[in-house]
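Within every chain, numbering begins at 1; the chains are lettered A, B, ... in the order of the sequence lines, protein sequences first and strands thereafter.
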Amino acid sequence: MAARQKHETPLHRFYLSLLDAYGPQGWWPLLGHDGVNPTKTGSITGYHPGEYAFPRNAAERFEICAGAVLTQNTAWPNVEKALRNLAASKALNPERILELPEPDLATLIRPSGYHNTKARKLKELASFSLRSKGQAPSREALLDVWGIGPETADSIRLYAYGQLEMVVDAYTRKIFERLAWVPAPASYEALKQHCVLNLPAEVTVYQEFHALIVEHAKRLKASRIEDWSIPAAR
DNA sequence: AACCAGGACGTGA
DNA sequence: TCACGTCATGGT
């Protein structure tokens with residue numbers, strides 16, 4: 001078997017320093033109940049830092065899957081608006097999504113951008129969701145769904161189903177290439193492999209890692225720091 | 001007022 | 001495989 005993270009690696013040290021500096025991120029965010037969930041900033045509620053017993057039911061699980069699709073190339077606050085619109089119309093579930101005419105669905109999720117495309121994607125997700133009824137879907141099965149690519153598939157497996165599946169994204173690529181941890185241009189799979197080989201194989205680590213990368217990238221942009229290997233202040 | 005967000009798909013080299 | 005255009009609203 002492959003020796004994974006036998007010794008502490010630069011990536012592992014990086015992860016530990018991010019966790020120490022930023023704290024647990026409480027991903028995947030869910031819609032707050034009456035807007036009173038513990039929160040990070042602004043109106044963004046639904047994070048549950050340090051709590052890992054999520055999702056707690058089928059509704060939360062589907063909410064995560066829907067959010068994973070809606071957040072494609074889109075800032076989270078916009079996704080949250082779309083999710084709220086769906087919830088307000090009692091349509092944040094596969095049954096209603098399949099019943100709704102696609103144009104109506106598109107109108108509800110309009111704030112998340114690409115609303116026509118994503119309306120179709122949500123319908124594909126909904127029928128898949130009913131088809132695979134609660135059991136954790138394989139990565140291949142997810143990739144067969146129109147509108148679900150590598151990152152969305154991995155996000156669904158890691159955050160909605162608690163599977164040991166690493167998620168990487170554009171931020172990960174930027175940071176890893178900048179620190180020369182991977183040769184550029186790095187493929188999605190290459191980035192993923194670098195993480196898997198250098199981090200402890202634990203679901204909570206994977207969940208925090210991806211969330212911390214996103215947080216780190218946002219702070220880098222805000223503070224314009226030059227050393228990307230260390231945590232940044234907001 | 002550009003620029004870019006927690007990507008994925010379709011197409012043509 | 002890989003590069004490139006397309007999809008679209010909203011925040012900074």
Euclidean distance, atom [atom1] of residue [X] to atom [atom2] of [N] [Å, nearest integer]:
| X | N | atom1 | atom2 | result |
| --- | --- | --- | --- | --- |
| A:H115 | C:dT6 | NE2 | P | 18 Å |
| A:W76 | B:dG7 | CH2 | P | 12 Å |
| A:L70 | C:dC7 | CG | C1' | 14 Å |
| A:Y114 | C:dA8 | OH | C1' | 6 Å |

Is the shortest side-chain N/O distance from [X] to OP1 or OP2 of [N] below 4.0 Å?
| X | N | answer |
| --- | --- | --- |
| A:N73 | C:dC7 | no |
| A:K118 | C:dT9 | no |
| A:K174 | B:dA5 | yes |

By the 4.0 Å heavy-atom rule, please label A:K218 as base, sugar-phosphate, or nothing.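 Base, at least one base heavy atom under 4.0 Å.
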
Within the 4.0 Å heavy-atom criterion, would you say A:A68 contacts the bases, only the backbone, or no part of the nucleic acid?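 Answer is nothing: A:A68 stays at 4.0 Å or more from every strand.
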
Go through the structure and list residues passing salt bridge (charged side-chain N to carboxylate O under 4.0 Å, His left out) with A:R61, not counting sequence neighbours. none

side-chain hydrogen bond (donor to acceptor under 3.5 Å, both in side chains) assessment of A:K118 paired with A:T74: CA-CA 11 Å; A:K118 284 176 178 174; A:T74 301; 2.9 Å; yes

Flag if over 12 foreign heavy atoms under 6.0 Å of CD, A:Q163: yes

Interface polar pairs with nucleotides 8-12 of chain B, N/O, under 3.5 angstrom:
| residue | atom | partner | partner atom | Å |
| --- | --- | --- | --- | --- |
| B:dA8 | OP1 | A:G149 | N | 3.2 |
| B:dA8 | OP1 | A:G149 | O | 3.2 |
| B:dA8 | OP1 | A:E151 | N | 3.2 |
| B:dA8 | OP1 | A:T152 | N | 2.8 |
| B:dA8 | OP1 | A:T152 | OG1 | 2.8 |
| B:dC9 | OP1 | A:G147 | N | 2.9 |
| B:dC9 | O3' | A:W146 | NE1 | 3.2 |
| B:dG10 | OP1 | A:W146 | NE1 | 3.1 |

